[in-house]
Structures are given as C-alpha cells and as structure tokens.
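Just follow the structure's listing: the first ligand is 1, and inside any ligand the first atom is 1.
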Amino acid sequence: MASIFSKIIAGEIPCYRIAEDEKHLAFLDINPNAEGHTLCIPKTEVDQLFDLSKEDYAALMLFSRKVAQALKKTVPCQRIAMSVIGLEVPHAHVHLIPLNAMEDVTFGKKVQLDPMAMQGLAKRIAENLA
Ligand code: AMP
C-alpha cells in the first residue's frame, strides 16, 4: 500500500507545498513541533533513510539544505534542526525544525496554526528559496 507521503506526491492528499523538483518534495508537517516544521522527502518510496542509494541520499541532503536555508530566512530562530525519526510514516523523510529550545525537537511539544497561517507560511518559505 502506498505511504501517505506517496499519496501526497500523487496529489491524492493535499499538503502545504514548499518546494519540489524531479525527485523530491518539501511540505509543512501537519502537526508541527514549531512554526515552519518542514518535511523533505524523496519521491521514490523507500522506508528508511539510510536504505536510500548513496546518490539518492546525497541528493535528498542537498535538497534539504536548500529548503533549510529558505526556512532560516523566513522563520525567526536560532538554527534549523534536522531530525530523522520515521516511526509514524514508513517513507524516508527529513524533519527540518526551526529551533529555539531543546524542546522544539523532542516531538513532545506541538504548536497549532490554522490553515490560512500554514498556507501563508509555506508560500513565504517558497519565496525565499534561492
Ligand atoms: P515520523 O515518521 O515519526 O518521522 O513522523 C512523521 C511525521 O509526518 C509527523 O511529524 C507527522 O505530523 C507528519 N505527517 C503525517 N501525515 C502528514 C501529512 N498528511 N501532511 C504533513 N505531515 C504529515
């Protein structure tokens, strides 16, 4: 069965899209730890990040770097954290989380933004892509 992220790639489920290229997609996490919490995924469905080929892994990291730089320009924060979990969705992904305190990356603290705010945020991050 296709992962929820493959359904997003296929356009069957909506997302707050930030960036896309031939092999990757970046969109806002629907249940963010912090404002701007973003997921970067390969379009190829592979469960675990470290099972990606060397080339696909390196390409995802470069794509994530570009998105992280745009995120840093958009959301006031000390730095952008990168985290890999994968316990919920078995489709490799990188979490990019604007970080101001350690609790921003514990996945225990969540923030709520309404759909308009999420849409506006994704658009502003997208506008800051180099
Ligand atoms: P994990 O697999 O543990 O790294 O967590 C998966 C992440 O995907 C969680 O932070 C979820 O909030 C997020 N997530 C799950 N479904 C969606 C969705 N439809 N759109 C955006 N983010 C999602």
Undergrad: Specify the protein heavy atom at minimum distance from atom 6 (C) of ligand 1: its residue, its atom name, and the distance to 0.1 Å.
TA: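 The closest one turns out to be His93 NE2, 3.7 Å.
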Undergrad: Check whether any side-chain heavy atom of Val94 lies under 4.5 Å from a side-chain heavy atom of Leu39, and answer yes or no.
TA: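 When only atoms from C-beta onward are counted, Leu39 and Val94 do not touch, as no gap falls below 4.5 Å.
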Undergrad: Side chain, backbone, both or neither: which applies to Leu28 and ligand 1 if a contact is any heavy-atom pair less than 4.0 Å apart?
TA: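 Just the backbone.
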Undergrad: Would you check if Lys43 and Glu22 make a side-chain contact, meaning some heavy-atom pair closer than 4.5 Å?
TA: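 Sidechains of Glu22 and Lys43: no contact.
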Undergrad: So do Ile41 and Phe27 actually touch side chain to side chain, heavy atoms under 4.5 Å?
TA: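 SC-SC contact between Phe27 and Ile41 confirmed.
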Undergrad: Check the angle between the aromatic planes of His24 and Phe63 and answer parallel, tilted or perpendicular using the 30° and 60° thresholds.
TA: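 Because their plane-to-plane angle is under 30°, the rings of His24 and Phe63 count as parallel.
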Undergrad: Quick check on the hydrophobic clustering: are Tyr16 and Leu71 connected, directly or via other members, by side-chain heavy-atom contacts under 4.5 Å?
TA: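 Linked within one cluster.
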Undergrad: Only heavy atoms of Asn31, strictly under 4.0 Å: list the atoms of ligand 1 that pass.
TA: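 With Asn31 as reference, the close atoms of ligand 1 come out as 12 (O).
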Undergrad: Purely on distance, is any nitrogen or oxygen of Glu88 under 3.5 Å from one on ligand 1?
TA: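 Min N/O separation from ligand 1 is below 3.5 Å for Glu88.
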Undergrad: Within a distance under 4.0 Å of any heavy atom of Asp29, pick out the atoms of ligand 1 and give their elements.
TA: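 So the answer, numbered in order with elements, is 7 (C), 8 (O), 9 (C), 10 (O), 11 (C), 12 (O), 13 (C), 22 (N).
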Undergrad: Taking the side chain as C-beta and beyond, is there a heavy-atom pair between Met118 and Asp29 under 4.5 Å?
TA: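 No. Closest side-chain heavy atoms not under 4.5 Å.
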Undergrad: Is the closest N or O pair between Ile30 and ligand 1 shorter than 3.5 Å?
TA: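 Indeed, backbone or side chain, Ile30 has an N or O that close.
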Undergrad: Looking at ligand 1, is there an atom of it that comes within less than 4.0 Å of some heavy atom belonging to Cys15?
TA: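 Not so, Cys15 does not reach ligand 1.
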Undergrad: Looking at Leu121 and Glu35, what are the two nearest heavy atoms and their distance?
TA: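 Of all heavy-atom pairs spanning Leu121 and Glu35, the closest is CD2-CG, 3.6 Å.
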Undergrad: For Leu39, take its heavy atoms, then give the atoms of ligand 1 lying under 4.0 Å from any of them.
TA: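 Near Leu39, the atoms of ligand 1 are 8 (O), 13 (C), 22 (N).
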Undergrad: Measure the shortest side-chain to side-chain distance between Leu49 and Leu60 over non-hydrogen atoms and say whether it is less than 4.5 angstrom.
TA: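 Yes; the side chains approach each other to less than 4.5 Å.
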Undergrad: Return yes or no for this condition: an N or O of Ile4 is under 3.5 Å from an N or O of ligand 1.
TA: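 For ligand 1, there is no N or O atom that lies under 3.5 Å from one belonging to Ile4.
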Undergrad: For the pair His95 and His37, name the ring-plane relationship: parallel under 30°, tilted 30 to 60°, perpendicular over 60°.
TA: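 Aromatic pair His95/His37 classed tilted.
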Undergrad: Find all atoms of ligand 1 within a distance of less than 4.0 Å from any non-hydrogen atom belonging to Phe27, and give their numbers and elements.
TA: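 Counting atoms of ligand 1 from 1, those under 4.0 Å from Phe27 are 21 (C).
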Undergrad: Going by distance only, is there an N or O of His95 that falls short of 3.5 Å from an N or O of ligand 1?
TA: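 Yes - when backbone and side-chain N and O of His95 are compared with those of ligand 1, one distance drops under 3.5 Å.
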Undergrad: If I apply the N/O under 3.5 Å rule, does Val89 come out as touching ligand 1?
TA: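 For ligand 1, there is an N or O atom that lies under 3.5 Å from one belonging to Val89.
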Undergrad: Please verify whether a non-hydrogen atom of Phe5 lies at under 4.0 Å from ligand 1.
TA: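 A heavy atom of Phe5 does come that close to ligand 1.
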Undergrad: When you measure from the heavy atoms of Ile8 to every atom of ligand 1, does any distance fall below 4.0 Å?
TA: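 Yes; Ile8 lies near enough to ligand 1 that a heavy-atom distance drops under 4.0 Å.
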